[in-house]
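Chain A is the first sequence line, chain B the second, and so forth, proteins listed ahead of strands; every chain is numbered from 1.
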There are 2 protein chains.
Amino acid sequence: MKEKELRRSLAVLPIGTVMKLTDLTARQIRYYEEQELIMPQRNDGNRRMYSLNDIDKLFEIKDYLDEGVNMVGIKEIYIEKEVRAKRQRELLKKPLSDNDVRRIFQNEFLSVSGLKNPDEPSFNANKPL
Amino acid sequence: MKEKELRRSLAVLPIGTVMKLTDLTARQIRYYEEQELIMPQRNDGNRRMYSLNDIDKLFEIKDYLDEGVNMVGIKEIYIEKEVRAKRQRELLKKPLSDNDVRRIFQNEFLSVSGLKNPDEPSFNANKPL
DNA sequence: AAGTTATGTTATAAAATCTAACATTGCGCG
DNA sequence: CGCGCAATGTTAGATTTTATAACATAACTT
């Protein structure tokens, strides 16, 4: 699946196409970039070029906004996501120790039972960080 | 797989992107269109917009040209291909009669044995049609 | 040698995008 | 209520990309 990942991350779409696909305005798309939610590449002439992954992310952003999450919240969500992804990558490298397994199991259990996961910082979009 | 087909046929790429992906010049890409080998869509502003299928086809065209096939030859190849595809679509609709099966088997046999397939018209790129 | 094919090159016009600034709208809050 | 900020709209002017069309050319065919 390395091939597919590469394709999805190829920056081949100009902003006009992205507008049509996502039903967002250029202003919105550039604003989300300003907020560092997406980082499109630039071509030789300084035009923004987007990948399919960028498209996916824009749809996600749209959904979050519809749900009432603000920019800061969305940023926070992606930071968390990245932290988790990195942790996951680490796990894939080294096999788990018994201790890791216990810790992971405990976290899972707490999450499922509806208790607060100590790893998941509380977050309120309307209160400043 | 209907979803994937749709995505592959979505016209989302401007010619600049296609140039980079295929390593063809704009002149070449437009010329192949003039020859009716590809038919990109146009956006509201009359700019050509290409799909992933178009990209695939351009790579194929490149390969044929490298092999020494000329435009007329490539056109012929695609006409044949389309005929076959259409026939295939028909087959998928109605179950085969015993006669169909025999005929198909025989054609397969002739092809594999290196004999001329009566269905495949002889074609010489350097002779006029 | 002349014609044809595939491609290069150039000029001119139109469309798409960029940045930056100012405008507007809706919402939380003292 | 009225202020302030967040998200988005709008506009202007510059730059880049693409379109069409015409003419040029190199390599083949005949």
Checklist entry - Are the side chain of A:Lys75 and the backbone of A:Leu37 linked by a donor-acceptor contact shorter than 3.5 Å? => result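 No; zero donor-acceptor contacts below 3.5 Å.
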
(request) Examine distances only and state if a side-chain atom of A:Glu5 and a backbone atom of A:Lys2 form a donor-acceptor pair shorter than 3.5 Å. (result)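 Answer holds: no.
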
Over how many whole Å does the gap from [X] atom [atom1] to [N] atom [atom2] extend?
| X | N | atom1 | atom2 | answer |
| --- | --- | --- | --- | --- |
| B:Tyr64 | C:dA6 | OH | P | 16 Å |
| A:Glu34 | C:dA21 | CD | C1' | 12 Å |
| B:Arg30 | C:dT7 | CZ | C1' | 12 Å |
| A:Asp23 | D:dT8 | CG | C1' | 14 Å |
| B:Glu33 | C:dT7 | CD | C1' | 16 Å |
| B:Met19 | D:dT18 | CE | C1' | 10 Å |
| A:Arg27 | C:dC18 | CZ | P | 13 Å |
| A:Gln28 | C:dC18 | CD | P | 15 Å |

**Report entry** Sub-4.5 Å side-chain heavy-atom contact between A:Ile74 and A:Tyr32
**Finding:**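 No; the side chains remain at least 4.5 Å from each other.
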
Q. Should the pair A:Arg42-A:Glu33 be classified as a salt bridge under the 4.0 Å nitrogen-to-oxygen rule?
A.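 Counted as a salt bridge, because a side-chain N and a carboxylate O are separated by less than 4.0 Å.
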
Is there a path of hydrophobic side-chain contacts, each under 4.5 Å between heavy atoms, that joins A:Tyr64 and A:Val83?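 Unlinked, A:Tyr64 and A:Val83 end up in two clusters.
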
- request: Look at the side-chain N and O atoms of A:Tyr32 and state whether any lies under 4.0 Å from the OP1 or OP2 oxygen of D:dA7.
  value: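 For D:dA7, OP1/OP2 do not have a side-chain N/O of A:Tyr32 under 4.0 Å.
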
Is A:Tyr31 near enough to D:dA7 that one of its side-chain N or O atoms lies under 4.0 angstrom from OP1 or OP2?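 For D:dA7, OP1 or OP2 has a side-chain N or O of A:Tyr31 closer than 4.0 Å.
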
task = Under 4.0 Å from any atom of DNA chain C, heavy atoms only: list the residues of residues 41-63 of chain B that qualify, in numerical order.
result =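 Residues of residues 41-63 of chain B under 4.0 Å from DNA chain C: B:Asn43, B:Gly45, B:Arg47.
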
> If we ignore angles and hydrogens, is there a donor and acceptor under 3.5 Å between the side chains of A:Tyr78 and A:Glu60?
Replying inline: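 Side chains of A:Tyr78 and A:Glu60: pair found under 3.5 Å.
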
